[in-house]
Trainee: 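Got a structure for you, written out below as structure tokens; questions coming shortly.
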Amino acid sequence: MPELPDVEGFRRVLAAHTGARIRRVDVLDAQMLRGVGARGFGERLRGKSFAAPRRHGKWLVGPLRGGGAVLVHFGMTGDLRWTRDGERHPHDRVAFVLDGGELRYRDMRKLQGIRLADDDAAVERILAEVGPDATDVGRDELRELLDRRRQVKPTLTDQAVLGGIGNLLADEILWRARINPRRPGNRLSAKDVTTLHTRLRSVLRQAVAAGRVPPRTSWLTGRRDEPSGSCPRCVTTLHRGRVGGRGTVWCPNCQPG
DNA sequence: CGGCGTGTTCAGAA
DNA sequence: CTTCTGAACACGCC
């Protein structure tokens with residue numbers, strides 16, 4: 001689930017509960033806390049409240065009133081939900097018990113986790129490893145980021161280069177821009193980069209509004225699970241292969257090599 | 001049993 | 001130095 005739009009959705013969930021007192025934190029799986037123990041984490045948060053959250057790339061930052069912040073990464077299967085009651089799910093790993101209900105961090109695969117930053121400088125140190133957020137990047141900046149021999153898709157999904165784009169979004173954006181995912185970035189024309197930038201912004205804008213990658217059949221992503229899916233634009237059978245080590249879908253007609 | 005996956009990191013090879 | 005590949009992490013579903 002979690003790419004930039006999904007994390008933006010989680011940010012809104014957290015934003016709806018800023019200011020609520022944190023009664024306690026139930027750490028159901030201490031393995032999900034990175035670089036901090038369950039006891040220290042709970043003591044640091046108890047009695048505090050979250051201030052307005054922000055997002056950078058796939059990181060969700062929940063600042064604590066009075067200093068410090070909780071940084072959440074959702075890996076491939078993470079989720080953050082608000083609930084007032086109901087039994088916890090087996091994959092709920094951490095529950096922030098607030099006045100009035102709780103925020104549950106759920107994650108099946110446990111590939112990433114939650115970090116605790118003691119101050120703003122610590123937050124910046126973590127975020128500094130991520131490139132500019134994909135929603136902020138300008139066309140000229142994008143051209144510079146792509147100006148290397150590396151294939152365009154792995155560059156787009158490299159978080160150190162650009163923050164927020166994952167495997168599905170990259171395929172969607174490249175399909176809309178009619179660019180083959182294997183083309184080296186430095187062989188894209190100026191026009192290609194302009195189109196790529198336009199499509200990138202449009203896909204992100206729509207997905208962020210939905211809080212997810214919309215499962216629509218007019219999107220390439222909507223055809224992904226069909227065994228022999230066809231291009232929503234030209235009805236050619238989609239190609240599937242590996243690019244940058246990741247499963248990749250593209251239209252051989254719209255996105256010629 | 002083998003393979004795959006909306007993520008990231010690391011070692012080692014080319 | 002840049003780029004790429006495979007393995008690892010962990011869990012559920014074919």
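These numbers were taken from a predicted model, which means no experiment stands behind them. Chain letters run A, B, ... following the sequence lines, proteins first and then strands; every chain starts at 1.
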Trainee: Once salt bridge (Lys or Arg N to Asp or Glu O under 4.0 Å) is applied, do any residues pair with A:Arg150, and if so which ones, sequence neighbours excluded?
Mentor: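 If we apply the salt bridge (Lys or Arg N to Asp or Glu O under 4.0 Å) test to A:Arg150, skipping adjacent residues, the hits are A:Asp158.
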Trainee: Search all heavy atoms of A:His197 against all heavy atoms of A:Val137 and return the closest pair with its distance.
Mentor: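 The answer is NE2-O, 2.9 Å.
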Trainee: Between residues 148-174 of chain A and DNA chain B, which residues have a heavy-atom gap below 4.0 Å?
Mentor: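 Per residue number, the list reads A:Gln159, A:Gly166, A:Asn167, A:Leu168.
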Trainee: Evaluate A:Trp59 against A:Ile126 for side-chain contact (heavy atoms from CB on, under 4.5 Å), listing each step before the verdict.
Mentor: CA-CA 9 Å; A:Trp59 279 107; A:Ile126 294 168; 4.0 Å; yes
Trainee: Considering only residues two or more places apart or on different chains, which pairs with a residue in residues 233-257 of chain A satisfy ring-ring contact (aromatic ring centres under 6.0 Å, His included)?
Mentor: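 ring-ring contact (aromatic ring centres under 6.0 Å, His included) check on residues 233-257 of chain A returns A:His239-A:Trp250.
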Trainee: Tell me whether the count of non-hydrogen atoms from other residues, nucleotides or ligands lying under 6.0 Å of CZ in A:Arg149 goes above 12.
Mentor: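 For A:Arg149, atom CZ is not crowded (no more than 12 foreign heavy atoms under 6.0 Å).
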Trainee: Can you list every side-chain hydrogen bond (donor to acceptor under 3.5 Å, both in side chains) pair that touches residues 83-92 of chain A, not counting sequence neighbours?
Mentor: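 Non-adjacent pairs meeting side-chain hydrogen bond (donor to acceptor under 3.5 Å, both in side chains): A:Asp26-A:Arg88, A:Arg88-A:Glu102, A:Asp92-A:Arg106.
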Trainee: For B:dT8, does either OP1 or OP2 sit under 4.0 Å from a side-chain N or O belonging to A:His73?
Mentor: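 Looking at the OP1 and OP2 atoms of B:dT8, one of them is under 4.0 Å from a side-chain N or O of A:His73.
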Trainee: On the nucleotide B:dG7, are OP1 or OP2 found under 4.0 Å from the side-chain N or O atoms that A:Lys110 carries?
Mentor: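 Answer is no, no contact under 4.0 Å.
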Trainee: Counting the atoms with a prime plus P, OP1 and OP2 as sugar-phosphate, which does A:Arg242 contact under 4.0 Å by heavy atoms, base, sugar-phosphate, or nothing?
Mentor: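 A:Arg242: backbone/sugar contact only, no base atoms under 4.0 Å.
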Trainee: Given the rule in the side chain to side chain donor-acceptor pair (under 3.5 Å) test, do A:Asp192 and A:Thr195 qualify, once you have shown the distances and angles that lead to the verdict?
Mentor: CA-CA 5 Å; A:Asp192 286 334; A:Thr195 304; 5.7 Å; no
Trainee: For residues 116-134 of chain A, which residue pairs pass the side-chain hydrogen bond (donor to acceptor under 3.5 Å, both in side chains) check, not counting sequence neighbours?
Mentor: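 Every pair satisfying side-chain hydrogen bond (donor to acceptor under 3.5 Å, both in side chains) with a residue in residues 116-134 of chain A: A:Arg54-A:Glu124, A:Arg55-A:Asp133, A:Asp133-A:Thr135.
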Trainee: Could you go through residues 13-22 of chain A and list every donor-acceptor pair under 3.5 Å that involves a side-chain atom there, pairing it with any protein atom two or more places apart or in another chain?
Mentor:
residue, atom, partner, partner atom, Å
A:Thr18, OG1, A:Ala15, O, 3.4
A:Arg21, NE, A:Asp99, OD2, 3.4
A:Arg21, NH2, A:Asp99, OD1, 3.4

Trainee: To the nearest angstrom, how far is A:Met76 atom CE from B:dT9 atom P?
Mentor: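 Computing the A:Met76:CE to B:dT9:P distance gives 14 Å.
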Trainee: Should the side chain of A:Arg246 and the base of B:dG5 be counted as holding a donor-acceptor pair, with the cut-off at 3.5 Å?
Mentor: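 No.
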Trainee: If you look at every strand shown and take non-hydrogen atoms under 4.0 Å, does A:Arg224 touch a base, only sugar-phosphate, or nothing?
Mentor: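 Sugar-phosphate only.
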Trainee: Does any residue of residues 121-133 of chain A have a heavy atom under 4.0 Å from DNA chain B, and if so, which ones, in number order?
Mentor: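 Of all residues in residues 121-133 of chain A, none places a heavy atom under 4.0 Å from DNA chain B.
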Trainee: Quick one: list whatever passes side-chain contact (heavy atoms from CB on, under 4.5 Å) with A:Arg46, sequence neighbours left out.
Mentor: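 Per chain and number, A:Arg46 pairs via side-chain contact (heavy atoms from CB on, under 4.5 Å) with A:Arg24.
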Trainee: Only pairs at least two apart or in different chains count here, so list each side-chain hydrogen bond (donor to acceptor under 3.5 Å, both in side chains) that has a residue in residues 29-43 of chain A.
Mentor: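 Every pair satisfying side-chain hydrogen bond (donor to acceptor under 3.5 Å, both in side chains) with a residue in residues 29-43 of chain A: A:Asp29-A:Lys110, A:Gln31-A:Lys110.
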Trainee: Does A:Gly75 reach a base, just sugar-phosphate, or nothing at all? Heavy atoms under 4.0 Å.
Mentor: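 Sugar-phosphate, no base atom in range.
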Trainee: Could you provide the dot-bracket string of DNA chain B, using ( ) for intrastrand pairs, [ ] for crossing pairs and | for bases paired to another strand, with Watson-Crick or G-U pairs below 3.5 Å?
Mentor: .||||.||||||||
Trainee: Taking the same atom, P, in C:dC1 and in B:dT8, what whole-Å distance lies between them?
Mentor: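 So the two P atoms sit 25 Å from each other.
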Trainee: Below 3.5 Å, can you tabulate the donor-acceptor pairs from side chains in residues 166-176 of chain A to any protein atom, sequence neighbours excluded?
Mentor:
residue, atom, partner, partner atom, Å
A:Asn167, OD1, A:Lys153, NZ, 2.6
A:Asn167, ND2, A:Gly247, O, 3.0
A:Asp171, OD1, A:Lys153, NZ, 2.8
A:Asp171, OD2, A:Arg224, NH1, 2.8
A:Asp171, OD2, A:Arg224, NH2, 3.3
A:Asp171, OD2, A:Val249, N, 3.0
A:Glu172, OE1, A:Leu220, N, 3.1
A:Glu172, OE1, A:Thr221, N, 2.8
A:Glu172, OE1, A:Thr221, OG1, 2.3
A:Glu172, OE2, A:Arg176, NE, 3.2
A:Glu172, OE2, A:Leu220, N, 3.2

Trainee: Please check if A:Val7 and A:Val130 belong to a single hydrophobic cluster, counting links between Ile, Leu, Val, Met, Phe, Trp and Tyr side chain heavy atoms closer than 4.5 Å.
Mentor: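 Not linked; separate clusters.
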Trainee: Distance under 4.0 Å to a non-hydrogen atom of chain A counts as contact; along DNA chain C, which nucleotides mark the start and end?
Mentor: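 Contacts span C:dT3 to C:dG12, reading 5' to 3'.
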